[in-house]
Number of protein chains: 2
Amino acid sequence: MKRLLEEKDAFHDKCRERGLKLTPQRLAIYEAMRYSKEHPSIDMVYQKIKKKFPRISFDTVYRTLITLCDIGLVKPVEGYGYTRRFDPNTGQHHHFHCVKCQKIVDFYDQTYDRLTAPSKIAPGYKILSKKVVVEGLCPDCS
Amino acid sequence: MKRLLEEKDAFHDKCRERGLKLTPQRLAIYEAMRYSKEHPSIDMVYQKIKKKFPRISFDTVYRTLITLCDIGLVKPVEGYGYTRRFDPNTGQHHHFHCVKCQKIVDFYDQTYDRLTAPSKIAPGYKILSKKVVVEGLCPDCS
DNA sequence: TTACAAATAAGAATTATTACTATATAGTTT
DNA sequence: AAACTATATAGTAATAATTCTTATTTGTAA
């Protein structure tokens, strides 16, 4: 309970900081993302939110997810040509993609975290993030 | 010139092997991909091919790129929610993505190539590929 | 509590992706 | 070299994803 309140406040502060209004829709979208594990698409979030806000528009969910990316509360997930998906986990981690069912699984690995940028792309390039993407078949599909 | 012929033959053989017919369209699409450096989208390939084959349909380009992926001559590129793009480089390499202009740059790094799969995702998961994706700003954008 | 900038809903427009069908063609086989 | 047949293609239509427009509503700061 305390944790919930703290997060709500963190979100509150982040919005304030950026001059964004704290609307119920925006908060609901953030919370739906925050506790999701499935790296949802815009439509998946929209379907979930609709249960609480039957009158919310798809566009609001769409814009809000982009906004949440802009302020760094969620991240777009790298994908292979299907729908865009989002990740509430903004910390350093890596992804496994199932090539069959398109499931995306987070994993943590210190070796991967410690990778340094190769010197070849260093000069002129400003590096913002590095991550390892593993593809294969998940236990359900293999 | 010799190299060109060899590649044409390699393509020829690969098609034969899979029971695919060697059509001028298919060859043109393959060659357009083969010598591209920009990780083109379906539409980029279509626009290029149209100059040689004004009557080619978008669908043919679309289907052919999927076919080329199926037979392993090109690979879909991991992307962040924009249009699907393809890579003629099927060897082990890694990508830099410019977050501003969406340019994708190949790079090679032996340390990255040698990464092993973390034990956490080993049991049950069948790993097919691993690659490092670096995001940031390219020299033109930074 | 009022004014105002920002956010929303609703729907339309745009762009991307995929599917369908009649015709044409590559690669045989006769 | 003519005919055959399984694919492949062009043309177009359908579906899905993304973005824009406009009128209205709502947080927030004064």
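Labels below follow one simple rule: chain letters A, B, ... track the order of the sequence lines, proteins then strands, and each chain is numbered from 1.
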Scan A:Val77, A:Ile104, A:Val74 and name whichever one has a side chain to side chain contact (heavy atoms under 4.5 Å, CB included) with A:Asp87.
-> A:Val77
Should B:Val61 and B:Ile66 be counted in the same cluster of Ile, Leu, Val, Met, Phe, Trp and Tyr side chains packed under 4.5 Å apart?
-> yes
Length of the line joining A:Asp70:CG and C:dA7:C1', which is rounded to integer Å | 15 Å
Is it true that atom NZ of A:Lys130 has more than 12 heavy atoms of other residues, nucleotides or ligands lying nearer than 6.0 Å?
-> yes
Taking the nucleotide of DNA chain C with the closest heavy atom to each, which residue, A:Pro24 or B:Asp43, is nearer the 5' end?
-> A:Pro24
Report the distance from atom CG of A:Leu68 to atom C1' of C:dA7, rounded to the nearest whole Å.
-> 14 Å
Report the residue (A:Ile42 or B:Val61) whose heavy-atom-nearest nucleotide on DNA chain D is the more 5′ of the two.
-> B:Val61
Please check the phosphate of D:dT26 (OP1 and OP2 only) for any side-chain N or O of A:Thr23 closer than 4.0 Å.
-> no
Please give, in whole Å, the distance from D:dA17 C1' to B:Arg84 CZ?
-> 12 Å
What integer distance in Å separates A:Gln47:CD from D:dA16:C1'?
-> 13 Å
Could you list by number each residue of residues 50-59 of chain B showing a heavy-atom separation from DNA chain D of less than 4.0 Å, or answer none if no residue does?
-> B:Arg55, B:Ile56, B:Ser57, B:Asp59
Earlier contact from the 5' end, DNA chain D, for B:Gln25 and B:Lys21 | B:Lys21
To the nearest angstrom, how far is A:Leu20 atom CG from D:dT26 atom C1'?
-> 15 Å
Value in whole Å for how far the C1' atom of D:dA17 lies from CE of A:Met44 = 15 Å
Can you check the B:Ile71 CD1 to D:dA8 P distance for me, whole Å?
-> 10 Å
Considering only D:dT18, C:dA26, C:dT18, which nucleotide approaches the side chain of B:Tyr62 most closely?
-> C:dT18
Using the test side chain to side chain contact (heavy atoms under 4.5 Å, CB included), find all partners of B:Glu38 that sit at least two apart in sequence or belong to another chain.
-> B:Ser36, B:Pro40, B:Met44, B:Lys48
Is A:Phe86 reachable from A:Ile71 through a run of I, L, V, M, F, W or Y residues, each pair having side-chain heavy atoms under 4.5 Å apart?
-> yes
Separation of C:dT17 atom P from A:Gln102 atom CD, nearest Å, is 15 Å
Using a heavy-atom cut-off of under 4.0 Å over every strand shown, decide if A:Arg26 touches base, sugar-phosphate, or nothing.
-> sugar-phosphate
Counting any heavy atom closer than 4.0 Å, what does B:Arg18 reach on the DNA or RNA strands: base, sugar-phosphate only, or nothing?
-> nothing
Going by the angle between their ring planes, with limits at 30° and 60°, are A:Phe11 and A:Tyr30 parallel, tilted or perpendicular?
-> parallel
Sugar-phosphate only, base, or nothing, as touched by A:Arg63 at under 4.0 Å among non-hydrogen atoms = base
Can you hop from B:Val99 to B:Val134 via hydrophobic side chains spaced under 4.5 Å?
-> no
